[in-house]
Amino acid sequence: MKKVLVVVLMVVSLAGVTLFGQWTEIDFLGMVVERANPTLDTAHADAPGETGETISEVSETDTIPKHSEPAVSEPAEEAATDTTPPPVDPVPDAELPIPAASDFELTGTLGICPRMTVSNAPETEEDLAIAGYEPFVQAEGTVLLAVAPTEGCVSSGMGVRNGRVHKGLDFRTDDPGMVYAAAPGTILEAHYRQDYGNQVVIDHGEGVFTRYAHLASFAPDIAEGGKVQLGTPLGPMGNTASYSIPVHLHYEVLVGDYDTPAKSFGLTPKDPFEYPFVGTP
Ligand SMILES: [Zn+2]
């Protein structure tokens, strides 16, 4: 009888190991599959209801200058899953000089930043100037937007960066200047967020919007509901909510319907360099 019991126990035990082994393998494979599809390939990574990402999970190495500048960590602009309005808590970066408001100039050239690894960089000439560049693009076939709403070079393009979607263009310069409205429109958002810092969102009509993030502060008269023209100063380029990354502008072109619960985070980011260039209107 004892032998029978022992045999039964062994069989049950082996079956348990097998079941456990299968379950473990499935779980393991599930984990692998999940890791093989990290946050995604499209802007829908920011759709409301998707959670689980925190600022601390994001890291950035691909825009670290190759020279002696210190290592930087990713600003959380790609991790913006929080669609609830954050508390308004402006964090002016008082250390930065505030440039004159009337300095907006459209130049005929724009380049990617030298001595940096620029992810998702547009096609460039040998001197790092962007090939075929003109100061405007025609967004969605209707709205003319300035490609470079500030001074500086492109330090990051739009697209997947370190397994995350970078939803706009980054501009940086050693001498941070003013950030300007890329086209006429109405200010829909002008407030501080934990992930974007001081940010402005402008409605240009025709379902086209732009976002300007990490501003050091807001220029006078910049408030939600206000009107802007092409070149209206929005605020100095800054570093708000971007941790240790150098001062830069994060600039997004967005399309879609703003009137959803997710507001600007329900819009679809577009790569400005995928629109046709247009000269000064
Ligand atoms: Zn950015």
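All heavy atoms count here, side chains included; hydrogens, waters and symmetry mates do not. Along the sequence shown, the residues carry numbers beginning at 1. In each ligand, atom 1 is the first atom listed, and ligand 1 is the first ligand listed.
Side chains of Glu252 and His250: a donor-acceptor N/O pair is present below 3.5 angstrom, by distance only. A donor-acceptor contact closer than 3.5 angstrom is absent between the side chains of Tyr258 and Thr260. Counting only N and O atoms by type, the side chains of Tyr192 and Gln199 include no donor and acceptor under 3.5 Å apart.
Ring geometry for His214 versus Tyr196: interplanar angle under 30°, hence parallel rather than tilted (30 to 60°).
Per residue His250, closest N, O or S atom to the Zn ion (ligand 1): atom name ND1. Distances from the Zn ion (ligand 1) to each N, O or S atom of Asp170 single out OD1 as the nearest.
Residue contact annotation: His248 places no N/O/S atom under 2.8 Å from the Zn ion (ligand 1).
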